[in-house]
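Residue numbering restarts at 1 for every chain, and letters A, B, ... go by the order of the sequence lines.
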Number of protein chains: 2
Amino acid sequence: MGRRKAGGASRKEAILEMATVFFAEKGFRDTAIGDIARMIGVADGTIFYHYKTKEDLFVAVMENFKEQLIRETREYLAGRGEVNGLERIEGLISFYISLAAKLEQRFLLLHRHYPYELAEDNPGCRRHLEDIYDFFTRVFEDAILAGQRDDSIIEIPAHKVALILFTMVDGLVRIGTFRLYQPSALYEELTASCRRMLEKKEGA
Amino acid sequence: MGRRKAGGASRKEAILEMATVFFAEKGFRDTAIGDIARMIGVADGTIFYHYKTKEDLFVAVMENFKEQLIRETREYLAGRGEVNGLERIEGLISFYISLAAKLEQRFLLLHRHYPYELAEDNPGCRRHLEDIYDFFTRVFEDAILAGQRDDSIIEIPAHKVALILFTMVDGLVRIGTFRLYQPSALYEELTASCRRMLEKKEGA
DNA sequence: GAACAAACTGAGCGATCAGTTAATTTTTTA
DNA sequence: TAAAAAATTAACTGATCGCTCAGTTTGTTC
């Protein structure tokens, strides 16, 4: 059986966590397996015992991050009060921005280009990326459809507009990490813009 | 003076062009100076004669790309017909999408994360990135202000909305390169959404 | 306490690559 | 045309890094 450290976390979990930090912060190529190993006081070989290659380790990191994203979003959706579709959209945008702020470092995993390159010939990696995008697009789409049912949102192609909305908010978060401006400073105007884009006026 | 190749381009220009292709296609770290050199039939040392370091070469590539982006956009703006502000916005979105399609490979220079990391401690690189974002934001902003003067666009904070619009269209282009969907397939709905976001209704 | 399997180690191999150097060739200048 | 300057080359250096592997340690099962 595997040895357990004091904290209760297995070596394998510790490796995955530290790899997440390094891959997000420095990227795949600029992360040396030796750096990860030294940081958690483990031999290089230990990492290769648990993960066959550096690439496999990266894919495991992506899978773990995907699961975290979906879990946290599901928790938000579950704890959300009774509101109409348009308000759900506004809540989602606000939630995504705050999630990206909370997990700023880890979001680099999505905003670097490497994962998308790897996805081209690594089915596991592609799968995780598609899962993430499909999940968020569906969450936005569901809110639009609900809004069309409760008459808060106009008749538009729900899937396409969901894609546009998610792209917009994710793009804003991404460019926000470049420190060219604060994404939160645009938040007010962003929700106002989305409302104009979606809102159904009275007496339609 | 340097030897000239048949085409008339100097070695230095050839190096810059080939470096652009490699840095865009494979990224900074995964591009070996030796690859660039071999591709144009030049010794490694020749590259270091013209550009002191690999990083300097990269910054030169960014500068060159910046100039191309601004030049091509200025040409579009100059050749554009007389239209109102809202139509100018729609034209700009269409132009940006087609420019990104035409220069798909080179746009990776903007959509990779490395340049933004380098910008943190390389003033030259930061300068070029800021120039690019400032330029496009201003172009969108000018169109919004024009639209507010000719009553085609409602009263909104022009700079902030310009940032949102540019982020949205650039984000769409970026995610389009992941092959998860075709950005042109969203074009119709994108312009319709922007119109709803900006358009001033009759009789205000 | 013997036998076994899982977890772990770290030295070392082979390959890659940015940058250097010294010698050579080409071009410019006077 | 000869000296000076610029451009180019091939060979080399030193450092990095992914991965392997032969062997060791640890925990479990009879």
Side-chain angles (χ1 to χ4, degrees), chain A residues 1-62 114-115 117-118 121-122 124-125, chain B residues 1-62 114-115 117-118 121-122 124-125:
Chain A
M1 279 294 184
R3 285 178 291 193
R4 293 272 158 171
K5 300 184 90 176
S10 70
R11 286 274 226 258
K12 190 171 178 179
E13 287 169 86
I15 291 167
L16 192 68
E17 281 305 308
M18 192 54 70
T20 303
V21 172
F22 270 90
F23 285 144
E25 193 79 348
K26 319 216 310 161
F28 181 80
R29 197 64 156 68
D30 282 326
T31 293
I33 291 289
D35 291 345
I36 300 173
R38 186 157 20 81
M39 211 62 163
I40 51 182
V42 144
D44 292 17
T46 305
I47 293 181
F48 288 101
Y49 173 77
H50 288 290
Y51 301 95
K52 221 164 68 63
T53 65
K54 190 184 178 187
E55 191 175 305
D56 283 353
L57 174 58
F58 184 83
V59 174
V61 164
M62 289 303 294
Y114 177 77
E117 250 158 34
L118 182 59
D121 43 40
N122 183 312
C125 188
Chain B
M1 273 298 187
R3 284 180 290 194
R4 295 267 158 173
K5 301 184 91 174
S10 69
R11 287 275 224 258
K12 190 169 179 180
E13 288 169 272
I15 291 167
L16 193 67
E17 280 307 307
M18 192 54 69
T20 304
V21 172
F22 270 90
F23 285 144
E25 192 79 348
K26 318 216 312 161
F28 182 80
R29 196 62 154 69
D30 282 328
T31 293
I33 291 289
D35 292 344
I36 300 173
R38 187 157 18 83
M39 212 62 163
I40 51 182
V42 145
D44 294 16
T46 304
I47 294 180
F48 287 101
Y49 173 77
H50 289 288
Y51 301 94
K52 222 163 67 63
T53 64
K54 189 184 180 186
E55 190 174 305
D56 283 353
L57 175 58
F58 184 83
V59 174
V61 163
M62 289 304 292
Y114 177 78
E117 250 157 34
L118 182 60
D121 43 39
N122 183 312
C125 188

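Minimum atom distance to the side chain of B/Val42 is reached by D/dT9, of the listed D/dT9, D/dG18, C/dG19. The side chain of A/Thr46 has C/dC8 as its nearest neighbour among C/dC8, C/dC17, D/dC17. Looking at the side chain of B/Phe48, the nearest of the listed nucleotides C/dG19, D/dA7, C/dG10 is C/dG19. Comparing D/dG18, C/dA7, D/dT8 against the side chain of A/Tyr49 picks out C/dA7 as the nearest. Closest contact between the side chain of A/Thr53 and the listed nucleotides D/dT9, C/dA18, D/dC19 involves D/dC19. Here the nucleotide nearest the side chain of B/Ala43, chosen from C/dT9, D/dT9, C/dA18, is D/dT9. Of the candidate nucleotides C/dC17, D/dA7, C/dG19, C/dG19 has the atom nearest to the side chain of B/Lys54.
B/Ile36 pairs with exactly one of B/Thr20, B/Leu57, B/Val21 by the side-chain contact (heavy atoms from CB on, under 4.5 Å) rule, that one being B/Leu57.
For B/Gly45 and B/Asp35, each mapped to the nucleotide of DNA chain C holding its nearest heavy atom, the one lying further toward the 5' end belongs to B/Asp35.
Counting to the nearest Å, the P atom of C/dC17 and the CZ atom of B/Phe22 are 11 Å from each other. In this structure, B/Ile47 places its CD1 atom 21 Å from P of D/dA6, rounding to the nearest Å. Rounded to an integer number of Å, the gap from CZ of A/Arg29 to C1' of D/dC17 is 9 Å. In this entry the distance linking CG of B/Asp30 with P of D/dC17 reads 14 Å, nearest Å. Put simply, CZ on B/Arg38 is 19 Å from P on D/dT8, counting in whole angstrom units. One atom, CZ of B/Phe28, and another, C1' of C/dC17, lie 12 Å apart when rounded to the nearest Å.
Taking 4.0 angstrom as the limit, A/His50 places a side-chain polar atom (N or O) nearer than this to OP1 or OP2 of C/dC8. When the side-chain nitrogen and oxygen atoms of B/Arg11 are compared with OP1 and OP2 of D/dT9, one or more of them lie within a distance under 4.0 Å.
Counting heavy atoms from C-beta on, the side chains of B/Ile15 and B/Met18 never come closer than 4.5 Å. Counting heavy atoms from C-beta on, the side chains of B/Phe28 and A/Arg29 never come closer than 4.5 Å.
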Legend entry - Chi angles and distances behind the side chain to side chain contact (heavy atoms under 4.5 Å, CB included) call for A/Phe58, A/Thr31: CA-CA 11 Å; A/Phe58 184 83; A/Thr31 293; over 6 Å; no
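Cation-pi geometry between B/Lys12 and B/Tyr51 is met: under 6.0 angstrom from the ring centre, within 45 degrees of the axis.
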